[in-house]
Each structure stands twice: as C-alpha cells, then as structure tokens.
Asker: 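A single structure is presented below for examination.
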Amino acid sequence: RMALRKFPVLIRACWFGLNHHFSRRISYLPITTVQYTVLRTLFDFSPKKLSQRELSTLIVSNKNNLSSIIKRLQQLKYIELSENRNDKRENHISLSKRGKKIFLLGRKEAISLQKKLMSNFSKDDINSIYEYLECINKKIPRN
C-alpha cells in the first residue's frame with residue numbers, strides 16, 4: 001500500500017531533518033540553530049540595526065520567544081544593543097565583530113549542507129523550489 005503524501009508532514013519532515021543535520025554540523029560552535037538564524041538575519045540586514053519586533057517578524061517568531069535568545073547572544077557578546085532614539089522602550093540590535101566571526105563559521109556549514117542537499121537538482125529545479133515555497137509563504141495567513 002502506498003503511503004499518503006501529506007504536504008504538512010513533508011514540510012515538517014524536511015524542516016526537522018534539515019535542522020537536525022545543521023545542528024550536528026555546527027555542534028562545535030557555541031551557538032544553536034536558532035541563534036544562528038538570528039545572527040544570519042542581523043548579518044543579512046547590516047549595517048541596518050533591527051528592533052526586536054522587526055527581527056521577530058523576519059525570523060517568524062514572537063517577541064517573547066526571541067527575548068531569551070537576545071539575552072543569551074548579548075551575554076556571549078555576539079550582538080550589541082543600542083537605544084532607539086525615537087522610542088526609549090525599544091533597543092536596536094546589531095551583530096558584533098565576535099558575532100560576525102561565529103556567524104561566518106556557521107555559514108560555511110550551512111552552505112556546505114545546502115550544496116549537498118541540492119546536488120541532484122538542476123538550477124531550474126532549485127529556482128522552482130524557492131518560488132513554490134515563497135508562493136506558499138505569501139498565502140499563509142499571518143494573524
């Protein structure tokens with residue numbers, strides 16, 4: 001009997017498998033995969049400094065979950081917080097030199113894993129995968 005192909009199960013399996021293998025690849029680094037995601041996002045948007053609200057939106061998390069991650073990354077001196085001059089209740093977050101160094105080590109592993117996983121796909125296939133996922137993401141209600 002053929003197994004049912006269910007979209008949510010396939011997406012979840014891909015995500016957990018990818019996260020598991022990436023976690024193993026960066027286990028020698030003093031960061032988790034979620035912390036890597038925060039550092040990557042800060043790197044991608046630098047030199048712009050992001051608020052916690054902006055960062056939570058970009059990594060598809062909520063401000064409360066992100067709060068403990070931000071505290072930990074600040075303790076490790078991987079990020080720097082500066083006061084938002086327009087809103088004293090909010091901090092701007094940026095990547096420190098130390099955080100950039102750790103991020104770049106993690107990125108080497110991420111790129112290596114991505115190349116391995118995508119090695120059997122043509123460039124057109126890879127572009128189609130990205131386009132399909134972007135299309136699906138746009139259709140997901142955010143509220």
Side-chain angles (χ1 to χ4, degrees), residues 3 5-143:
R5 292 173 56 180
K6 294 187 178 184
F7 178 76
V9 175
L10 291 171
I11 289 288
R12 186 174 171 85
C14 284
W15 171 247
F16 279 112
L18 180 62
N19 197 53
H20 172 75
H21 284 286
F22 183 56
S23 178
R24 285 186 22 208
R25 282 179 173 249
I26 65 167
S27 63
Y28 69 96
L29 295 173
I31 57 171
T32 65
T33 57
V34 175
Q35 291 168 340
Y36 172 83
T37 299
V38 170
L39 297 180
R40 185 198 65 223
T41 304
L42 293 171
F43 179 85
D44 288 346
F45 281 84
S46 68
K48 183 183 189 301
K49 296 178 179 185
L50 300 173
S51 69
Q52 193 166 328
R53 181 179 294 113
E54 291 170 317
L55 188 55
S56 67
T57 299
L58 289 167
I59 68 167
V60 192
S61 183
N62 68 50
K63 261 178 53 175
N64 294 332
N65 288 347
L66 189 57
S67 185
S68 62
I69 297 166
I70 295 298
K71 284 179 186 170
R72 181 67 181 139
L73 290 172
Q74 187 180 20
Q75 289 170 346
L76 292 167
K77 298 187 181 353
Y78 294 160
I79 61 169
E80 296 169 347
L81 302 183
S82 58
E83 191 176 84
N84 179 346
R85 294 179 191 159
N86 299 325
D87 185 348
K88 303 288 186 208
R89 299 168 295 166
E90 183 177 80
N91 287 316
H92 284 143
I93 306 162
S94 60
L95 196 57
S96 70
K97 286 182 182 180
R98 188 175 180 174
K100 183 178 178 180
K101 183 178 176 182
I102 292 295
F103 162 73
L104 292 173
L105 290 171
R107 184 171 75 168
K108 284 181 185 176
E109 297 297 339
I111 290 169
S112 174
L113 178 59
Q114 183 175 331
K115 282 181 180 177
K116 180 180 177 186
L117 296 174
M118 300 291 222
S119 65
N120 292 331
F121 293 101
S122 70
K123 285 187 180 190
D124 287 342
D125 289 341
I126 292 169
N127 284 333
S128 291
I129 290 168
Y130 288 139
E131 288 171 10
Y132 294 143
L133 291 173
E134 286 168 353
C135 183
I136 291 166
N137 265 320
K138 285 178 186 170
K139 292 183 181 238
I140 295 173
R142 298 292 175 211
N143 293 334

Asker: Mind checking whether L76 and R72 have side chains closer than 4.5 Å, heavy atoms only?
Answerer: yes

Asker: Which atoms form the tightest heavy-atom contact between Q74 and I79, and what is the distance?
Answerer: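 Nearest pair, atom of Q74 first, then I79: N-CG1, 3.6 Å.
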
Asker: Run through I102, V38, T37 and flag the one making a side-chain contact (heavy atoms from CB on, under 4.5 Å) with I31.
Answerer: I102

Asker: Report the distance from atom CG of L42 to atom CD1 of I70, rounding to the nearest 0.5 Å.
Answerer: 6.5 Å

Asker: Can you tell me which residue among Y36, F16, W15 is in a ring-ring contact (aromatic ring centres under 6.0 Å, His included) with F22?
Answerer: Y36

Asker: With no hydrogens and no angle check, is any side-chain donor or acceptor of S112 less than 3.5 Å from a backbone partner on K108?
Answerer: no

Asker: Which heavy atom of P30 sits nearest a heavy atom of Q35, and at what distance?
Answerer: O-OE1, 4.1 Å

Asker: Taking the side chain as C-beta and beyond, is there a heavy-atom pair between L95 and S46 under 4.5 Å?
Answerer: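 Heavy-atom side-chain distance check fails, nothing below 4.5 Å.
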
Asker: Please step through side-chain contact (heavy atoms from CB on, under 4.5 Å) for the pair I11 and L133, ending with a clear verdict.
Answerer: CA-CA 10 Å; I11 289 288; L133 291 173; 4.1 Å; yes

Asker: So how far is it from C14 SG to R12 CZ, rounded to the nearest 0.5 Å?
Answerer: 12.5 Å

Asker: Is there a side-chain contact (heavy atoms from CB on, under 4.5 Å) between Q52 and N91? Walk through the geometry before answering.
Answerer: CA-CA 7 Å; Q52 193 166 328; N91 287 316; over 6 Å; no

Asker: Might you confirm whether atom NZ of K48 has over 12 heavy atoms from other residues, nucleotides or ligands at distances under 6.0 Å?
Answerer: yes

Asker: Other residues, nucleotides and ligands only: do more than 12 of their heavy atoms fall within 6.0 Å of CG on N137?
Answerer: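 Yes, enclosed.
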
Asker: S61 and L66: which non-hydrogen atoms are nearest, and at how many Å?
Answerer: OG-N, 4.3 Å

Asker: What are the two closest non-hydrogen atoms of S51 and H92, and how far apart are they?
Answerer: N-CD2, 4.3 Å

Asker: Measure the spacing between CE of M118 and CG of N120 and express it to the nearest 0.5 Å.
Answerer: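 M118 atom CE to N120 atom CG measures 11.0 Å (nearest 0.5 Å).
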
Asker: For the residue pair F121 and L117, what are the closest heavy atoms and their distance?
Answerer: CE1-O, 3.7 Å

Asker: Are more than 12 heavy atoms, taken from residues, nucleotides or ligands other than Y132, located less than 6.0 Å from that residue's OH atom?
Answerer: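 Atom OH in Y132 is not crowded, with 12 or fewer foreign heavy atoms closer than 6.0 Å.
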
Asker: Checking F45 against E54 for the side-chain contact (heavy atoms from CB on, under 4.5 Å) test, could you report, in this order, the C-alpha distance in whole Å, the side-chain angles of both residues, the deciding distance, and whether it holds?
Answerer: CA-CA 11 Å; F45 281 84; E54 291 170 317; over 6 Å; no

